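Here is the naming used below: chain letters follow the sequence lines, and residue numbers restart at 1 for every chain. Everything numeric here is computed off the predicted structure, so don't read it as measured data.
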2 protein chains.
Amino acid sequence: MSSMSIRLAYTAAGAGLPGVKVGPRARIVAVARDLFYRHGIRAVGVDTIAAAAATNKMTLYRHFPSKDLLIAECLREFALECEADWEQISAGHAQDPDGQLRAWVGYVSDLMIKEADRGCALANAAIELPDKDHPARRVIEEFKTAQREQLVIWCRDARYIEPDQLADELFLLLEGARVSIQSVGINGPGARLSRMMQTIIYHNGRL
Amino acid sequence: MSSMSIRLAYTAAGAGLPGVKVGPRARIVAVARDLFYRHGIRAVGVDTIAAAAATNKMTLYRHFPSKDLLIAECLREFALECEADWEQISAGHAQDPDGQLRAWVGYVSDLMIKEADRGCALANAAIELPDKDHPARRVIEEFKTAQREQLVIWCRDARYIEPDQLADELFLLLEGARVSIQSVGINGPGARLSRMMQTIIYHNGRL
DNA sequence: TTTATATGTTACAGATCGGTAACATTGAGA
DNA sequence: TCTCAATGTTACCGATCTGTAACATATAAA
């Protein structure tokens, strides 16, 4: 198997403001999130995580009963941060549903650059963990479902003619862009995501 | 780690017509494709593959220098089969580009049911193998790029106003549907893929 | 029948996997 | 200063991983 030799290029430093003590648990989750995302969940072992978090395997297992539950916790933290972003979009354009939707288009377009070439951590995890009983799957399903519902609400509030279908189209375009970046590369169709979404929104029409 | 115990539920039988001898190499690839697809590439070991193919690890390594190259071969076979399907769509609607495009929509809609809940094997592999030097990545990138170009050709031949953008939209919708099935489930937005594609094609307009 | 090639069998190497036991060390609050 | 909880350290378990060596067997062509 391609060994690739991940190995720690960074220590616990860099996480958190200077002077603020960051406990091992927080470091473990931060490091695990990064390594899981960059290299894949199954490609990263607990030894690597503990070492990269400047702690040890024993402390890791004192905070997380198993690697699977650590995975779930990483995805839960990621999902909470995403939800906070979406709420910020909502709050930043209160009483302006169409502005919310358009702000969201800008937000996800920036994601294409920020995520570079590894797409959505939750979608990737769903592919890497097909076992329906895995504790991470609850997090994934609940979060993705909530995202889609939020999109429907925005489309409906903005009085688009077919809000459910428009929301589904935008949802699938986003998911497709994030996954296709990893197969056709950064200059693939995902690069034109913003224009596509605007076109589709315009074509849908308002009441 | 969630052990899940894959284990062989089937032997070499069932592959090929009766009376036709299927060599170990073909059995290995067939079995590996199935196991990789259902459980994930990293989740399946070579011992499991050899046993499920009713052969042994030594024979496997006589035909494939490494697991990574076996992975690449599995994806190559899959890609060739997909290309054959697309060519059949082309041939079945010669001199009728719009018919080709609409036949393709029907074809990918059926894929949503056939693939059940594991999406595209190539896209999944890209997520599981982020290493850019992995031999499988060439296969993935070339195939996905060729698919997108074929879509552009169909859209252009059918004289749609913006063939490149329409092709990209269809491409991303398909990729998004296949990946979202694995996160939001079979009844998510992917279930309405056909209607969405028809709507978008209609909205694009013809010359 | 002889010969050469493909395949099967067994055992093993070296590494890594997830996970744990036993014990030492640190550090902050009382 | 004492105490106690969190953390660090080391060593280990059994299983699994990719990959190989050596040898036995089958099989088809000559």
Side-chain angles (χ1 to χ4, degrees), chain A residues 1-8 11-12 15 19-32 35-36 39-74 128-129 131 133-136, chain B residues 1-8 11-12 15 19-32 35-36 39-74 128-129 131 133-136:
Chain A
M1 205 61 181
S2 50
S3 54
M4 109 180 69
S5 73
I6 294 171
R7 293 309 151 222
L8 48 158
T11 56
V20 180
K21 299 273 181 188
V22 176
R25 190 198 142 97
R27 296 200 311 268
I28 288 168
V29 176
V31 160
L35 292 177
F36 285 157
H39 304 285
I41 291 173
R42 307 197 86 115
V44 178
V46 287
D47 296 275
T48 305
I49 294 169
T55 179
N56 52 78
K57 197 160 52 167
M58 205 54 239
T59 297
L60 189 154
Y61 276 101
R62 286 192 189 106
H63 286 286
F64 304 97
S66 70
K67 181 188 177 182
D68 288 320
L69 289 171
L70 170 61
I71 295 167
E73 178 61 23
C74 288
E128 278 204 280
L129 310 169
D131 182 0
D133 296 330
H134 195 288
Chain B
M1 208 60 182
S2 49
S3 56
M4 109 179 74
S5 74
I6 295 173
R7 293 309 153 224
L8 47 157
T11 56
V20 179
K21 299 272 182 189
V22 176
R25 189 197 142 97
R27 297 201 309 269
I28 287 167
V29 176
V31 160
L35 292 178
F36 286 157
H39 304 285
I41 292 172
R42 307 198 88 116
V44 179
V46 287
D47 296 274
T48 305
I49 295 169
T55 180
N56 52 78
K57 197 160 51 167
M58 204 56 239
T59 297
L60 187 153
Y61 275 103
R62 286 192 189 104
H63 286 285
F64 304 96
S66 69
K67 181 187 176 182
D68 288 319
L69 289 171
L70 170 60
I71 294 167
E73 178 61 24
C74 289
E128 278 203 279
L129 310 169
D131 182 0
D133 296 330
H134 195 287

Could you run down the sub-3.5 Å N/O contacts of the protein with nucleotides 20-29 of chain D?
none

Which heavy-atom pair separates [X] from [Y] by the least distance, and what is that distance?
X        : Y        : value
A:Ala52  : A:Leu35  : CB-CD1, 4.1 Å
B:Leu70  : B:Ile49  : CD2-CD1, 4.1 Å
A:Ile41  : A:Glu128 : N-OE1, 2.6 Å
B:Leu129 : B:Ala136 : CD1-CB, 3.9 Å
B:Tyr61  : B:Ser66  : CE2-CA, 4.0 Å

Separation of [N] [atom2] from [X] [atom1] (nearest whole Å):
X       : N      : atom1 : atom2 : answer
B:Asp47 : C:dC17 : CG    : C1'   : 14 Å
A:Leu60 : D:dT10 : CG    : P     : 18 Å
B:Ile41 : D:dC17 : CD1   : P     : 15 Å
A:Ile28 : C:dG18 : CD1   : P     : 14 Å
B:Arg25 : C:dG8  : CZ    : P     : 15 Å
A:Arg42 : D:dC17 : CZ    : C1'   : 13 Å
A:Asn56 : D:dT9  : CG    : P     : 6 Å

So, is B:His63 close to the C:dA6 phosphate, meaning a side-chain N or O under 4.0 Å from OP1 or OP2?
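No, no such contact exists.
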Does B:Thr55 have a side-chain nitrogen or oxygen under 4.0 Å from the phosphate oxygens OP1 or OP2 of C:dG8?
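So the side chain of B:Thr55 is within the cut-off, an N or O lying under 4.0 Å from OP1 or OP2 of C:dG8.
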Among D:dT18, C:dG8, C:dG19, which nucleotide has an atom closest to any side-chain atom of A:Lys67?
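Minimum distance to the A:Lys67 side chain belongs to C:dG19.
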Residues forming a salt bridge (Lys or Arg N to Asp or Glu O under 4.0 Å) with B:Arg25, sequence neighbours excluded:
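Testing B:Arg25 for salt bridge (Lys or Arg N to Asp or Glu O under 4.0 Å), a comparison that skips the adjacent residues, returns B:Glu73.
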